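Here is the structure we will look at.
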Amino acid sequence: MNQYAQNVLSDIQARYNNEPEFVQSVTEVVGSISKLLDATPKYEKNKILERIVIPERTITFQVPWIDDKGEFQINTGYRIQFNSAIGPYKGGLRFHPSVNLSILKFLGFEQIFKNSLTTLPMGGGKGGADFNPKGKSDREVMAFCQSFMRELYRHIGASTDVPAGDIGVGAREIGFLFGQYKKIVNSYDSVLTGKGLNWGGSLVRPEATGYGCVYFAFEMLATRNQDLENKRIMVSGSGNVAQFAIVKATHLGGKVISCSDSNGCIIDEDGIDAEKQAFIRELKNVKRGRIREYAERFPRAKYYEGKRPWQITSCDVALPCATQNELDLDDAKALVANGCICVCEGANMPTTLEATQYIQSNKLLFSPGKASNAGGVATSGLEMSQNAMRLSWDAGEVDNRLHNIMINIHNAARNAAAEFGEPDNYVMGANIAGFRKVADAMIDLGI
């Protein structure tokens with residue numbers, strides 16, 4: 001590893017050893033751009049690594065609200081405004097009990113490079129709260145969202161910071177958040193993305209991350225003269241990303257045989273067809289049920305309590321679309337042993353460092369989430385563009401733009417990797433391509 005990178009990484013690992021997800025993310029990025037740092041001494045001269053690993057602003061605040069029993073509840077809210085060198089901060093809000101500073105810093109750090117890869121003018125940020133919307137009534141979710149926005153509003157704006165949804169923050173939550181923001185500031189700004197179609201949202205935004213992941217996998221497979229036709233595909237998760245990855249993978253000829261939630265997974269050897277896809281959307285988005293109910297509705301499928309799909313059966317393509325570090329070294333070994341040829345991340349950093357290294361060492365195609373997961377934020381950027389122009393594109397227009405963005409991200413990552421002698425190393429290529437644009441902008445803007 002480049003000595004400059006090693007020095008900065010050692011310092012980060014020592015200073016933030018209580019923030020494992022953040023350290024993991026920094027380790028992956030810094031460790032993979034060593035050849036770029038060797039070739040470009042201006043980054044060390046301008047102390048870019050030291051500057052880019054520290055958020056420009058970290059905001060922490062209390063979120064008090066009253067539940068349906070009339071009792072006071074207190075949660076912790078966050079907004080990490082990480083880097084604004086190429087545009088306003090952009091990144092989702094996550095409402096989940098696991099939310100803490102380490103997770104949001106890792107997500108915000110990843111977002112810098114993900115947004116850079118889209119070529120759209122967006123900086124990196126992330127936020128959320130340790131609030132769990134599961135099991136809460138609509139009124140309780142609204143009460144929390146309104147309290148959350150009563151602090152957040154002062155830190156965001158269409159040209160400052162534009163949050164979106166993430167785990168636990170869907171159309172319902174975005175609606176409550178935007179309604180409160182509009183009431184407070186008395187202005188109809190493009191300050192949140194993922195909005196409803198009736199009030200400024202974009203077509204294809206719900207589908208975008210899942211679609212984008214599959215588009216990226218398609219491009220990777222094409223480098224080996226293959227496609228998704230008749231491929232066995234395993235997907236983890238059953239939320240927004242997984243749902244539409246299943247739709248697009250099926251549309252392109254693949255046979256999706258799995259999905260999961262935090263309780264377990266299902267394997268459906270018959271394939272998750274259009275009827276079953278609609279059932280999953282109804283189950284998860286409306287009834288907010290558990291994935292075991294899929295096996296009750298379609299008894300030829302098998303449910304595995306407490307399991308992830310990776311070690312249960314074989315697949316050609318794996319799309320981890322659930323959450324961070326869901327695919328570990330044992331899972332990677334099982335995928336390799338069972339003949340998998342491509343792992344394309346749909347979630348943010350779903351593969352551990354050890355698993356990533358094992359997958360790459362066995363010559364599987366592997367894409368990091370900052371590249372293959374970028375379809376969601378890319379379409380959020382397209383939503384911002386539509387809002388700014390006071391117009392709305394049809395679904396075909398948005399999908400075509402999304403598809404082209406994912407092709408361009410794939411090519412940028414592959415070309416950057418090829419520039420440094422490793423064309424199949426998408427981790428290195430994505431990190432170099434994303435980092436270089438931001439780093440150059442930081443130098444241009446000065447201290």
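Since this is a predicted model, take the numbers as computed values, not measurements. All residue numbers in this chain count up from 1 along the given sequence.
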Evaluate the side chain to side chain donor-acceptor pair (under 3.5 Å) criterion for residues Gln81 and Asp161: first the C-alpha distance (whole Å), next the side-chain angles of each, then the deciding distance (0.1 Å), finally the verdict.
CA-CA 8 Å; Gln81 296 176 333; Asp161 185 352; 2.9 Å; yes
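- Side-chain N or O atoms of Lys35 include one that pairs as donor or acceptor with a backbone N or O of Phe420 at under 3.5 Å.
- When Lys302, Arg232, Arg300 are each tested for a salt bridge (Lys or Arg N to Asp or Glu O under 4.0 Å) with Glu269, only one passes: Arg232.
- Checking Gln6 against Ser10 by side-chain atom types alone, a donor-acceptor pair falls below 3.5 Å.
- Checked against the 6.0 Å centroid criterion, the rings of Tyr426 and His410 qualify as a close aromatic pair.
- Listed for the Asn75 side chain is a donor-acceptor partner under 3.5 Å among the backbone atoms of Asp130.
- Minimum interatomic distance between Ile291 and Leu283 (heavy atoms only, all atoms of both residues): CA-CD2, 4.1 Å.
- By the 30° and 60° cut-offs, the orientation of the rings of Phe61 relative to Phe148 is tilted.
- No donor-acceptor pair under 3.5 Å is formed between the side chain of Lys255 and the backbone N or O of Asn230.
- Between Arg51 and Asn46 the shortest side-chain heavy-atom distance falls below 4.5 Å.
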Quick one, Glu28 with Thr356, criterion side chain to side chain donor-acceptor pair (under 3.5 Å). Give me CA distance, side-chain angles, the key distance, then yes/no.
CA-CA 10 Å; Glu28 186 226 62; Thr356 297; 5.8 Å; no
Using the rule given for side-chain contact (heavy atoms from CB on, under 4.5 Å), can you reason through Gln277 versus Ile272, listing the C-alpha separation, both sets of side-chain angles and the distance that settles it, and then say yes or no?
CA-CA 6 Å; Gln277 293 163 16; Ile272 302 175; 3.9 Å; yes
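- Side chains of Gln311 and Asp331: a donor on one and an acceptor on the other come within 3.5 Å.
- In this structure a side-chain-to-backbone donor-acceptor pair under 3.5 Å is missing from Thr351 to Leu327.
- Within the model, atoms OH of Tyr215 and CE of Met220 stand 15.5 Å from one another, a figure rounded to the nearest 0.5 Å.
- By the salt bridge (charged side-chain N to carboxylate O under 4.0 Å, His left out) test, Asp227 pairs with no residue at all, sequence neighbours left out.
- Electrostatic pairing of Asp316 and Lys231 does not count as a salt bridge here, judged by no charged N lying under 4.0 Å from a carboxylate O.
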Could you go through the side chain to side chain donor-acceptor pair (under 3.5 Å) check for Asp261 and Tyr294 one step at a time?
CA-CA 11 Å; Asp261 61 17; Tyr294 179 102; over 6 Å; no
For Leu365 and Val317, run side-chain contact (heavy atoms from CB on, under 4.5 Å): C-alpha distance rounded to whole Å, both residues' side-chain angles, the deciding distance at 0.1 Å, then the answer.
CA-CA 9 Å; Leu365 292 165; Val317 177; over 6 Å; no
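- Ser34 places a side-chain N or O within 3.5 Å of a backbone atom of Asn2 that can act as its donor or acceptor partner.
- Looking only at distances, a side-chain donor or acceptor of Gln243 sits under 3.5 Å from a matching main-chain atom of Ser238.
- In this structure, Arg205 and Gly194 approach most closely via the heavy-atom pair CG-CA, 4.1 Å.
- Classification of Glu282 and Arg297 as a salt-bridged pair fails, no side-chain N sitting under 4.0 Å from a carboxylate O.
- Relative to the ring axis of Phe298, Lys276 places its NZ or CZ within 45° and under 6.0 Å from the centre.
- Between Arg292 and Glu305 there is no salt bridge, since no side-chain nitrogen of the basic residue lies less than 4.0 Å from a carboxylate oxygen of the acidic one.
- Side-chain polar atoms of Glu21 and Ser102 form a donor-acceptor pair below 3.5 angstrom.
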Check against side chain to side chain donor-acceptor pair (under 3.5 Å), Lys370 and Ser116
CA-CA 10 Å; Lys370 65 172 60 67; Ser116 173; over 6 Å; no
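- Residues Glu419 and Asn415 have side chains that never bring a donor and an acceptor to within less than 3.5 angstrom of each other.
- Rounded to the nearest 0.5 Å, atoms CG (Asn425) and CZ (Phe366) are 10.0 Å apart.
- Ring-plane geometry between Phe113 and Phe109 is classed as perpendicular, the angle between the planes exceeding 60 degrees on a 0 to 90 degree scale with a lower cut at 30.
- A donor-acceptor pair is defined here as one N or O able to donate and one able to accept, closer than 3.5 Å; such a pair exists between the side chain of Asp273 and the backbone of Glu275.
- Between the side chains of Asp11 and Tyr16, no donor-acceptor pair of N or O atoms lies under 3.5 Å.
- If you take CD1 on Ile112 and CG on Asn83, they are separated by 4.5 Å, rounding to the nearest 0.5 Å.
- Closest approach of Cys321 to Ser236, counting heavy atoms only: N-OG, 3.0 Å.
- Taking SG from Cys259 and CD1 from Ile267, the interatomic distance works out to 9.0 Å, rounded to the nearest 0.5 Å.
- Under 3.5 Å, the side chains of Thr40 and Arg436 contain no donor-acceptor pair of N or O atoms.
- Classification of Glu293 and Lys287 as a salt-bridged pair fails, no side-chain N sitting under 4.0 Å from a carboxylate O.
- Relative orientation of the Phe131 and Phe95 rings is perpendicular, given thresholds of 30° and 60° on the angle between their planes.
- Here the CG atom belonging to Leu329 is positioned 9.5 Å from the CD atom belonging to Gln357, to the nearest 0.5 angstrom.
- Salt bridge present: Asp328 and Arg308 bring a charged side-chain N and a carboxylate O closer than 4.0 Å.
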Full working for side-chain contact (heavy atoms from CB on, under 4.5 Å) between Val247 and Phe244
CA-CA 5 Å; Val247 170; Phe244 291 106; 4.2 Å; yes
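- For the pair Asp268 (side chain) and Ile257 (backbone), a donor-acceptor distance under 3.5 Å is absent.
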Do Ile405 and Thr119 pass the side-chain contact (heavy atoms from CB on, under 4.5 Å) test, and can you show the C-alpha distance, the side-chain angles, and the key distance before you say yes or no?
CA-CA 8 Å; Ile405 287 171; Thr119 73; 5.6 Å; no
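- Across all non-hydrogen atoms, the minimal contact from Ala371 to Leu117 is CA-CD1, 4.1 Å.
- In summary, the side chains of Thr58 and Lys105 do not present any donor paired with an acceptor at a separation below 3.5 Å, with no hydrogens or angles considered.
- Remark: Lys333 does not engage Glu354 in a salt bridge, criterion side-chain N to carboxylate O under 4.0 Å.
- At least one donor-acceptor pair closer than 3.5 Å links the side chain of Ser32 to the backbone N or O of Val29.
- A donor-acceptor pair under 3.5 Å links the side-chain atoms of Asn338 to the main chain of Ala334, judged by distance alone.
- Taking every heavy atom of both residues into account, Trp310 and Val235 meet most closely at CH2-C, 4.4 Å.
- Between Asn115 atom CG and Leu120 atom CG the span is 8.5 Å, to the nearest 0.5 Å.
- Closest of all the heavy-atom pairs between Val23 and Ile12 is CG2-O, 4.2 Å.
- In summary, the aromatic rings of Tyr4 and Tyr43 are positioned with their centroids too far apart to meet the 6.0 Å limit.
- Ion pair Glu296/Arg290 not flagged as a salt bridge, since none of the NZ, NE, NH1 or NH2 atoms sits closer than 4.0 Å to an Asp/Glu carboxylate oxygen.
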